[in-house]
Amino acid sequence: MLQITNTLSRKKEKFEPLNAPFVGMYVCGPTVYGDAHMGHARAAVTFDIVFRYLKYLGYKVRYVRNITDVGHLVNDSDSGEDKIAKKAKLENLEPMEVAQLYTNRYHNDMDKLNVLRPSIEPRASGHISEQIEYIQAILDNHYAYISNGSVYFDVKKYHEKYHYGTLSGRVIEDMMHGSRDLEGQDQKRNPLDFALWKKAAPEHIMRWNSPWSEGFPGWHIECSVMSNKYLGKYFDIHGGGMDLVFPHHESELAQAQACQDSHFAKYWLHNNMVTINGQKMGKSLNNFITLDELFEGSHELMEDAYSPMTLRFYILQAHYRGTLDVSNAALKAAKIAYRKLLNANILLSKLEHDNVETLDVELNTQVENLLQSLDEAMNDDFNTGIAISHLFALANLINSFHNKIKNINSINEQTFDVLKTKYDLFFSEILGLKEELVVNVNPALEALISLYKQAKVAKEYDKVDEVRKSMKAMGLVIKDTKFDVEWAYEV
RNA sequence: GGUCGCGUGGCCGAGCGGCUAGGCAAAGCUCUGCAAAAGCUUCUACUCCAGUUCGAAUCUGGACGCGACCUCCA
């Protein structure tokens with residue numbers, strides 16, 4: 001039985017889909033105006049796990065993750081410019097060219113991380129007419145007002161019937177006192193009101209026609225609209241980074257209720273932030289590390305290049321609701337640990353059971369329990385770190401079987417079969433880890449190994465060392481076991 | 001200033017009333033031409049103070065420290 005932490009209740013709840021076996025999940029995707037960084041990776045990997053695990057449980061999941069390609073304002077005082085337009089000006093490109101460029105680059109990075117593509121990836125710019133209709137519906141329900149060509153959501157009015165702040169746990173009355181007077185807010189009736197449609201300043205490039213003005217949609221509206229279009233009014237899971245809880249998700253929720261007068265998402269899932277050496281990641285702190293910089297080792301804070309799988313594994317070792325601190329030491333440890341699990345998976349595929357049993361009941365039970373614990377860990381709010389710890393225990397056993405320290409026939413055939421399929425299933429399909437340097441067992445590699453064996457027999461140790469060296473150059477290592485010579489990924 | 005969350009061994013990180021994960025690093029052993037890999041062993045922590053309890057890293061109160069959000073952000 002799957003339990004997930006619902007931000008709405010701040011508790012772990014039993015996961016019960018609205019229309020099993022179907023599950024609808026909406027996750028806030030990137031605003032495509034720059035390269036993806038580690039925060040994007042964490043969010044994408046977190047919900048990739050949710051997607052993969054729900055499918056493993058047998059659900060038919062429709063996973064919608066948007067691409068925000070409508071520029072939102074850089075900040076309130078800078079009322080004329082949006083992020084994408086700003087970037088377009090900077091790089092001398094058409095705004096849509098910027099959006100496409102970074103969408104492609106985002107896809108590329110996510111592919112490297114072995115993040116599955118969502119079922120539907122809608123773009124905000126492709127849903128302008130739907131957004132206009134949705135805003136009109138909110139206006140018709142009197143939860144919004146027009147002011148100088150812009151449309152604002154009336155938070156106070158909304159709060160009278162519904163409750164603004166349920167998701168983020170905010171008390172609207174406190175916020176009214178606490179909120180600062182910002183420049184350019186005089187069009188709003190209340191500082192907490194937010195734009196549904198914004199009239200474009202003359203220099204604003206990205207603009208569309210609407211009943212109210214030539215302008216562009218507000219930041220929050222696209223998600224309410226697109227989730228509604230592809231998943232219906234009331235759907236199962238809405239996810240995103242914790243920083244989006246307020247105001248983004250709170251406002252999405254308000255819009256949806258103001259428009260449809262019904263529930264919105266049943267479960268809200270939020271992944272926590274990434275810090276670098278204990279500090280918040282931010283452009284001004286110069287610790288804003290993009291994925292490409294990490295993979296290439298080109299950022300000045302990185303002592304080495306870390307592969308996509310190293311990052312993925314590292315993200316998975318921690319629980320998604322806690323902050324994740326990235327450092328060289330931590331990444332190096334993850335690299336080694338991940339290879340260990342990978343090597344065990346390869347050895348497992350070669351293990352064979354002889355069909356004869358000299359059953360060791362205790363050992364057999366241990367393996368069975370570990371295998372079962374894998375599901376239990378994932379069922380407990382996607383606890384990938386615990387699942388990985390069981391995988392390590394299993395890897396240890398696999399190595400012992402392989403080295404014949406333990407006898408593979410001392411577990412029964414059925415347990416062996418489950419071990420063989422399940423370890424790989426969790427490693428590859430659910431956690432989404434994979435071999436990166438796929439090594440073909442090609443003639444050249446085989447020749448190297450036989451050369452090594454011959455040299456060993458002849459005690460020509462110079463040659464032996466040379467073989468080791470060339471293996472190392474390929475990222476491999478040679479292992480002399482009691483029974484044979486074999487290769488493995490260098491740890 | 002307001003709201004929320006967190007402080008775990010050399011490091012990263014689970015756990016959330018008793019059974020004291022896991023990984024990395026370090027040390028020793030087995031194996032070995034030397035290694036590597038693998039296996040075995042060792043290292044025993046919960047910011048501080050006060051309380052609740054037979055029993056607390058886990059619950060309550062307080063202090064200190066850190067972070068997030070309140071403004072664009074995954």
Side-chain angles (χ1 to χ4, degrees), chain A residues 10 27-31 33-34 36-47 72-78 82-83 165 168-171 174-175 177-180 182 192 219 239-248 250 270-275 278-283 288 313-314 317-319 321-338 340-341 343-344 347 373 377 380 383-393 395-396 398-400 402-406 456 459-461 464-465 468 471-472 477-482 486-491:
Chain A
R10 269 155 271 268
V27 174
C28 292
T31 300
Y33 71 107
H37 56 248
M38 289 200 267
H40 291 107
R42 166 108 110 144
V45 168
T46 297
F47 291 100
H72 297 296
L73 299 181
V74 175
N75 60 51
D76 271 6
S77 56
D78 191 6
D82 70 51
K83 290 187 251 184
S168 57
R170 273 157 217 255
V171 180
D174 290 352
M175 292 173 69
H177 295 297
S179 82
R180 291 168 272 179
L182 293 168
L192 292 179
W219 177 36
M242 244 168 210
D243 52 343
L244 296 179
V245 175
F246 191 90
H248 186 54
E250 192 71 72
H270 294 279
N271 65 277
N272 215 140
M273 306 288 100
V274 171
T275 57
Q279 267 192 312
K280 180 193 167 153
M281 199 165 75
K283 277 177 179 150
F288 197 85
F313 178 83
Y314 185 61
Q317 260 195 313
H319 189 86
R321 306 198 86 251
T323 52
L324 211 222
D325 189 48
V326 170
S327 65
N328 280 290
L331 253 14
K332 277 177 189 160
K335 175 182 174 177
I336 294 168
Y338 153 69
K340 204 166 164 179
L341 241 36
N343 281 329
L347 290 181
S373 307
D380 185 11
N383 202 328
T384 50
I386 294 288
I388 285 172
S389 77
H390 297 318
L391 245 22
F392 274 110
N396 185 269
I398 290 164
N399 287 327
S400 294
H402 177 259
N403 292 337
K404 305 203 161 70
I405 290 166
K406 286 193 169 74
K456 274 233 128 158
K459 302 199 175 189
E460 293 169 327
Y461 296 119
V464 167
D465 288 342
R468 278 185 190 152
M471 293 285 287
K472 198 177 160 81
V477 85
I478 239 174
K479 307 199 303 194
D480 291 10
T481 69
K482 268 186 187 166
E486 53 197 33
W487 66 269
Y489 291 106
E490 189 188 6
V491 165

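Keep in mind that this is a model prediction, so the values were computed, not measured. Letters A, B, ... mirror the listed sequences (proteins, then strands); counts begin at 1.
H37(A) comes within 4.0 angstrom of a base, heavy atoms only. Among the atoms of the strands shown, none is found under 4.0 Å from any heavy atom of A488(A). Nucleic acid contact class of I388(A) (heavy atoms, under 4.0 Å, all strands): none. Nucleic acid contact class of G39(A) (heavy atoms, under 4.0 Å, all strands): base.
At the phosphate of C12(B), neither OP1 nor OP2 sits under 4.0 Å from any side-chain N or O atom of N328(A). Regarding contacts with the backbone of C40(B), a side-chain N or O of N396(A) is found under 4.0 angstrom from either OP1 or OP2. Close to C69(B), at under 4.0 Å from its OP1 or OP2, lies a side-chain N or O of K280(A). OP1 or OP2 of C24(B) lies within a sub-4.0 Å distance of a side-chain N or O belonging to K340(A).
The V274(A) side chain lies nearest to A74(B) when the options are A74(B), C69(B), A14(B). Proximity note for D325(A) (side chain, C-beta onward) versus A14(B), C24(B), C12(B): the nearest is C12(B).
Ring pair W487(A)/Y489(A) is perpendicular by interplanar angle, where above 60° counts as perpendicular and below 30° as parallel.
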Which pairs, protein N/O on one side and nucleotides 27-33 of chain B N/O on the other, fall under 3.5 Å?
residue: G33(B); atom: O6; partner: R468(A); partner atom: NH2; Å: 3.4

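The C1' atoms of G23(B) and A45(B) are separated by 16 Å, rounded to the nearest whole Å. With both ends at atom C1', the span from C70(B) to C54(B) equals 46 Å, rounded to whole Å.
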